[in-house]
Amino acid sequence: FQHRRLARDLDIVLLDATEPFGFDHVFPRGTLREPVTGIQRAAVVCLTRSDLIDEHGRAAIQQRAANLAPHAAWCEAAHEPHELLNSNGLTQPLVALTGDRVAAFCGIGNPAAFRHALENAGANIVFWREFADHHAYFDADLAELASGAAAANSELVVCTHKDLVKLSNAKIGCRELWALTVEMQIRAGQDALENALDRAAKMVQLQRK
């Protein structure tokens, strides 16, 4: 909804299950960029990280979304860890994390979700560092991470894919750097989402004729 001048064929709103309505206020009091009533423009509302809350919590969010956008389709999704990736494009399976002493860092909007994903993958997190969202990494940051990873006697360093693309490093200090990649999995409402996409695609095709 941020780029109002762009033509759009379908509006899909993602609600993070861990903070779905941005404290009900716009910046700086909350995290919304417009009033929550703006969701009424959505054609589809998708609850992401739905696996991090229980069924009652999901139902409560769905009900509020339905009150705000009664005509929108509803679906639920989860970010599921996929594999480890390094800056050279090499990959290894998640089992490589099992039991390892891991130093982890991130500069994203929801660091708790990243930590949750690592722990679910079997990582033993012995050093943890959070940076601000969209953080640009400098030599001092890398030196701090290398020092922390060494002091914690970690076996490898792991960040998010978003952070890895900002770094050309294959290592942090003398430890290998890997990113945890994730895939979005639709857990409920896939038919509703696909039907909305199909309708939008058909409308575009008709407009081009």
Side-chain angles (χ1 to χ4, degrees), residues 2-3 14-23 25-33 46-53 57 77-185 187:
Q2 298 173 44
H3 303 286
L14 306 183
L15 300 180
D16 186 327
T18 63
E19 190 188 302
F21 298 104
F23 305 107
H25 293 285
V26 298
F27 285 127
R29 188 176 175 187
T31 59
L32 299 179
R33 303 198 179 195
C46 185
L47 184 67
T48 64
R49 297 194 174 95
S50 62
D51 56 320
L52 299 186
I53 61 173
H79 297 73
E80 297 188 357
H82 178 53
E83 62 184 4
L84 296 176
L85 172 72
N86 71 10
S87 60
N88 295 320
L90 300 177
T91 62
Q92 58 176 329
L94 291 179
V95 69
L97 287 176
T98 304
D100 277 358
R101 296 175 59 84
V102 172
F105 70 94
C106 62
I108 59 175
N110 192 335
F114 172 53
R115 181 165 189 147
H116 178 80
L118 281 175
E119 291 173 340
N120 276 358
N124 175 23
I125 300 175
V126 294
F127 173 80
W128 175 259
R129 178 70 165 90
E130 295 177 15
F131 295 91
D133 195 13
H134 306 298
H135 183 74
Y137 293 94
F138 296 96
D139 289 344
D141 299 319
L142 301 182
E144 176 192 348
L145 292 171
S147 176
N153 194 30
S154 64
E155 297 170 85
L156 72 163
V157 183
V158 182
C159 63
T160 71
H161 199 176
K162 177 180 176 180
D163 293 298
L164 183 68
V165 299
K166 301 176 184 179
L167 301 165
S168 58
N169 309 59
K171 292 185 176 182
I172 295 292
C174 62
R175 288 163 174 79
E176 292 185 351
L177 173 63
W178 296 87
L180 180 70
T181 65
V182 297
E183 291 185 345
M184 184 75 81
Q185 300 291 334
R187 293 193 165 193

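For this chain, numbers begin at 1 and follow the sequence in order.
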Heavy-atom closest pair, residues A77 and M184
CB-SD, 3.4 Å
Is it the case that the side chain of T98 and the backbone of G122 share a donor-acceptor pair, with hydrogens and angles ignored and the cut-off at 3.5 Å?
no
Give, for atom CG of D133 and atom SG of C106, the distance between the pair rounded to the nearest 0.5 Å.
9.5 Å
Under 3.5 Å: donor-acceptor pair, side chain of R187, backbone of A78
no
So, for E144 and R129, which heavy atoms are closest and what is the spacing to 0.1 Å?
OE2-NE, 2.6 Å
At what distance, to the nearest 0.5 angstrom, does OG of S147 lie from CZ of F127?
7.5 Å
What distance separates N124 CG from E119 CD, expressed to the nearest 0.5 Å?
9.0 Å
Quick one: ring pair (Phe, Tyr, Trp, His ring centres under 6.0 Å) partners of H135, sequence neighbours excluded?
F131, Y137
For the student: nearest non-hydrogen atoms of L15 and P20, plus distance
CD2-O, 3.3 Å
Between T181, T91, V95, L180, which is the residue that forms a side-chain contact (heavy atoms from CB on, under 4.5 Å) with L84?
L180
Can you sort out the partners of R33 under salt bridge (charged side-chain N to carboxylate O under 4.0 Å, His left out), two or more places apart, ordered by chain and number?
none
I'd like to know whether CZ of F138 has more than 12 heavy-atom contacts from other residues, nucleotides or ligands below 6.0 angstrom.
no
If you take all heavy atoms of A136 and D141, which pair is closest and at what distance?
O-OD2, 3.7 Å
Would you say R101's side chain and A152's backbone share a donor-acceptor pair under 3.5 angstrom?
yes
Output yes when a side-chain donor or acceptor of D163 lies under 3.5 Å from a complementary backbone atom of G107, and no otherwise.
yes
Within the side chain of N88, is there an N or O that forms a donor-acceptor pair under 3.5 Å with the backbone of L90?
no
So does T18 get a backbone contact from the side chain of D16, meaning a donor-acceptor N/O pair under 3.5 Å?
yes
